Amino acid sequence: MNTENIKLAILGSTGSVGKQSVEVALNLGARVELLMAHSNIDELERQARLLKPKICVITDENRANELRLRLNDTSINVYSGEKSAIEAICECDADVGVNAVSGFAGLYPALALAKSGKRIAMSNKEAIVVAYKFLLDEIRKGGSELIPVDSEHSAIFQCLQGRVGNNIKKIILTSSGGPFRGKTRNELLKITASDALSHPTWKMGAKITIDSASLMNKGFEVIEAVRLFGVSPDQVQVVVHPQSIMHSAVEYIDNSVIAQMGAPDMRTCIQYAITYPQRREPLAKALDFASIGALTFENPDMNTFSLLSLAFYAIEEDGILPSALNASDEVAVDAFLKGKIGFVDVFDIVSKVVYGFENIKNPSLEDIYNADREARIKTLEQINSFLK
Ligand code: NDP
Ligand code: MG
């Protein structure tokens with residue numbers, strides 16, 4: 001791909017990764033053909049005036065008319081609703097779609113990019129966790145490709161360049177350990193949403209910041225790695241590395257370890273997924289090893305941070321359990337952010353729902369959607385019983 005005249009669609013453009021994708025687009029001098037968000041029309045309008053895409057998609061139909069009015073003086077077409085979003089993504093003239101939509105709602109835009117043969121620069125991890133098999137089918141049929149954006153998976157993807165045959169021993173997935181590294185379960189009982197929203201090294205959206213604090217995010221990333229790189233769950237080792245400089249590594253059968261390092265800055269990962277295999281001028285700072293001093297590594301505390309063990313259980317069982325895990329966590333984290341339940345309640349409620357969930361092996365896409373719905377209902381029931 002010629003990265004000089006690259007054309008982009010940015011899906012979830014008003015979020016944390018989406019805004020950084022806009023910075024990357026400007027850095028690359030890329031033409032942005034389409035911007036998509038859910039309901040934040042203030043930010044979407046600002047981006048639209050800056051980047052002048054042909055299309056803006058707003059998935060919340062209640063906000064569409066206002067956005068249309070606001071963009072009345074431009075030639076930008078405003079689409080709203082899921083069906084029109086799919087049409088717009090398929091028909092727009094982009095080479096690459098950055099999928100920075102949050103949650104399971106990231107699946108249908110990914111499928112639309114795949115069907116229309118566009119490269120997917122994939123930040124959304126929920127679609128991979130829940131329904132990668134179906135996404136991969138569409139990628140193959142549509143002649144598309146998926147390049148990971150999640151920093152660990154971008155690192156692993158880079159560590160796998162030049163690999164010949166199946167000679168991976170294991171994947172070493174690094175975790176900052178989150179803001180509560182070293183804390184006991186008793187200490188976690190007092191944690192509030194604002195404590196959990198301050199991540200030590202990465203600045204991210206609210207849901208993923210809470211998931212990073214609980215290590216649920218690392219659990220999702222274990223599943224994401226199993227899916228993307230075709231390894232078994234026991235070939236993924238999570239290692240806590242508080243400095244977030246080594247973004248992950250691959251250990252080969254000769255015990256050589258290839259790691260990828262850099263400043264913790266999502267813009268590097270977004271840009272690489274867009275320009276791969278080329279590399280372009282950075283937005284992130286270069287590393288200064290002498291000032292970093294030391295890189296440290298330790299095992300995660302999977303007893304206290306039990307959602308990480310739960311993720312290993314869900315991917316070992318597979319079927320609809322990753323879907324149930326994803327949905328249950330989304331509902332429980334939402335309740336925690338609204339102050340309805342405590343931090344540790346999230347661990348307990350999600351564990352109860354997933355361990356008690358009846359699995360279906362080799363599910364259809366419909367089974368997966370049903371599991372998502374059922375897990376949400378079961379989680380709400382659990383939350384309500386906590387509130388009584
Ligand atoms: P944010 O919550 O900051 O942003 C989410 C974006 O998705 C917003 O643009 C939002 O629009 C849009 N959106 C939400 N719901 C829908 C929907 N139903 N249909 C269409 N668009 C929707 O999330 P992040 O940027 O933090 O994360 C995005 C994804 O990337 C997640 O899957 C996350 O796990 C993953 N990721 C994030 C990282 C990070 O550093 N933040 C790192 C690695 C992965 P609106 O603003 O209008 O609501
Ligand atoms: Mg990550």
Side-chain angles (χ1 to χ4, degrees), residues 9-23 34-48 56-64 66-67 79-86 88-89 97-110 112 120-130 148-157 173-178 197 199 201-212 215-225 228 238 241 244 246-248 260 264-270 273 326 329-330 333-334 337:
I10 306 179
L11 318 176
S13 65
T14 53
S16 160
V17 174
K19 285 183 193 158
Q20 295 179 82
S21 304
V22 168
E23 288 180 50
L34 179 148
L35 290 170
M36 167 167 147
H38 178 55
S39 62
N40 184 350
I41 54 172
D42 292 340
E43 179 63 16
L44 193 56
E45 182 192 355
R46 195 193 67 76
Q47 293 177 342
C56 272
V57 181
I58 186 90
T59 54
D60 180 348
E61 308 209 27
N62 298 322
R63 308 307 308 272
E66 194 183 338
L67 185 65
Y79 290 68
S80 69
E82 187 172 321
K83 203 162 156 269
S84 306
I86 293 171
I89 295 167
V98 180
N99 187 345
V101 171
S102 57
F104 191 29
L107 178 61
Y108 77 84
I120 313 170
M122 188 68 162
S123 183
N124 176 278
K125 64 186 77 182
E126 293 85 351
I128 296 174
V129 167
V130 170
V149 168
D150 205 351
S151 60
E152 297 76 2
H153 305 78
S154 169
I156 297 159
F157 179 79
L173 191 71
T174 51
S175 159
S176 72
L197 282 172
H199 191 275
T201 43
W202 295 97
K203 264 187 86 209
M204 307 172 289
K207 159 78 166 50
I208 185 174
T209 305
I210 302 301
D211 283 344
S212 299
L215 297 198
M216 183 71 266
N217 180 54
K218 206 48 56 183
F220 289 141
E221 290 182 354
V222 169
I223 302 178
E224 196 183 353
L228 289 177
V238 176
H241 165 50
S244 299
M246 180 177 127
H247 299 311
S248 279
Q260 189 264 345
D265 190 321
M266 285 306 294
R267 296 173 303 179
T268 309
C269 315
I270 299 163
N326 174 65
D329 177 67
E330 203 169 303
V333 168
D334 184 56
L337 284 170

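Numbering of ligands and ligand atoms starts at 1, following listing order. Numbering starts at 1 and runs along the sequence shown. As the structure is a computational prediction, the values presented were derived from the model and not from experiment.
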So, is Met204 polar-close to ligand 1, with some N/O to N/O distance under 3.5 Å? no

What are the atoms of ligand 1, with element, lying closer than 4.0 Å to any heavy atom of Thr59? 17 (C), 19 (N), 20 (C)

For the Mg ion (ligand 2), how many protein N, O or S atoms come closer than 2.8 Å? 3

I'd like to know if the side chain of Asp150 reaches the main chain of His153, judged simply by a donor and an acceptor atom lying under 3.5 Å from each other, with no hydrogens or angles considered. no

Look only at interatomic distance and state if Gly18 has a nitrogen or oxygen under 3.5 Å from any nitrogen or oxygen of ligand 1. no

So for ligand 1, is Gly205 a polar contact partner (N or O within less than 3.5 Å, distance only)? yes

Could you walk me through whether Lys125 and Glu221 pass the salt bridge (charged side-chain N to carboxylate O under 4.0 Å, His left out) check? CA-CA 8 Å; Lys125 64 186 77 182; Glu221 290 182 354; 2.9 Å; yes

Passes salt bridge (charged side-chain N to carboxylate O under 4.0 Å, His left out), Asp42 versus Arg46? Steps please. CA-CA 6 Å; Asp42 292 340; Arg46 195 193 67 76; over 6 Å; no

What I want to know is whether Ser39 and ligand 1 share at least one N or O pair that is separated by under 3.5 angstrom. yes

Which is it for Met36 and ligand 1 at heavy atoms under 4.0 Å: side chain, backbone, both or neither? side chain

State whether the shortest distance between N or O atoms of Asp150 and N or O atoms of ligand 1 falls below 3.5 angstrom. no

Tell me which one of Met266, His38, Glu82, Lys125 gets a heavy atom nearest to atom 15 (N) of ligand 1. His38

One residue to check: Ile208. Relative to ligand 1, which of side chain, backbone, both or neither has a non-hydrogen atom less than 4.0 Å away? side chain

Pick one of side chain, backbone, both or neither for how Glu126 approaches ligand 1, counting any non-hydrogen atom pair under 4.0 Å. side chain

Close N or O approach (Gly15, ligand 1; < 3.5 Å): yes

Ligand-residue contact atoms, ligand 1 with Ser13, heavy atoms, under 4.0 Å: 9 (O)

Would you find a donor on one side and an acceptor on the other, under 3.5 Å apart, between the side chain of His38 and the backbone of Gly12? no

side-chain contact (heavy atoms from CB on, under 4.5 Å) with Leu35: of Leu44, Ile58, Val57, only one passes, and it is Leu44

Between Ser248 and Thr174, is there a donor-acceptor pair closer than 3.5 Å when you use the side chain of the first and the backbone of the second? yes

Check the pair Ile10 / Leu34 against side chain to side chain contact (heavy atoms under 4.5 Å, CB included), numbers first and verdict last. CA-CA 6 Å; Ile10 306 179; Leu34 179 148; over 6 Å; no

Check the pair Asp211, Lys218 against salt bridge (charged side-chain N to carboxylate O under 4.0 Å, His left out), reporting the backbone distance first and the verdict last. CA-CA 8 Å; Asp211 283 344; Lys218 206 48 56 183; over 6 Å; no

Give yes if a backbone or side-chain nitrogen or oxygen of Gln20 is under 3.5 Å from a nitrogen or oxygen of ligand 1, and no if not. no

Of Ala105, Ser21, Ala85, the one whose closest heavy atom lies nearest atom 18 (N) of ligand 1 is Ala105

Numbered atoms and elements of ligand 1 in range of Val17, under 4.0 angstrom, heavy atoms: 25 (O), 37 (C), 38 (C), 39 (C), 41 (N)

Test of understanding: with salt bridge (charged side-chain N to carboxylate O under 4.0 Å, His left out), list the residues that count as partners of Glu61, not counting sequence neighbours. none

Would you find a donor on one side and an acceptor on the other, under 3.5 Å apart, between the side chain of Asn124 and the backbone of Val101? yes

Between Ser151 and Met266, does a side chain to side chain contact (heavy atoms under 4.5 Å, CB included) hold up when you go through it step by step? CA-CA 7 Å; Ser151 60; Met266 285 306 294; 4.2 Å; yes

Would you say Glu224 and Ile128 make side-chain contact, with heavy atoms under 4.5 Å? yes

Any carboxylate oxygen within less than 4.0 angstrom of a Lys/Arg side-chain nitrogen, looking at Lys207 and Glu330? no

One residue to check: Ala100. Relative to ligand 1, which of side chain, backbone, both or neither has a non-hydrogen atom less than 4.0 Å away? backbone

Checking Glu152 against His247 for the side chain to side chain contact (heavy atoms under 4.5 Å, CB included) test, could you report, in this order, the C-alpha distance in whole Å, the side-chain angles of both residues, the deciding distance, and whether it holds? CA-CA 5 Å; Glu152 297 76 2; His247 299 311; 5.7 Å; no

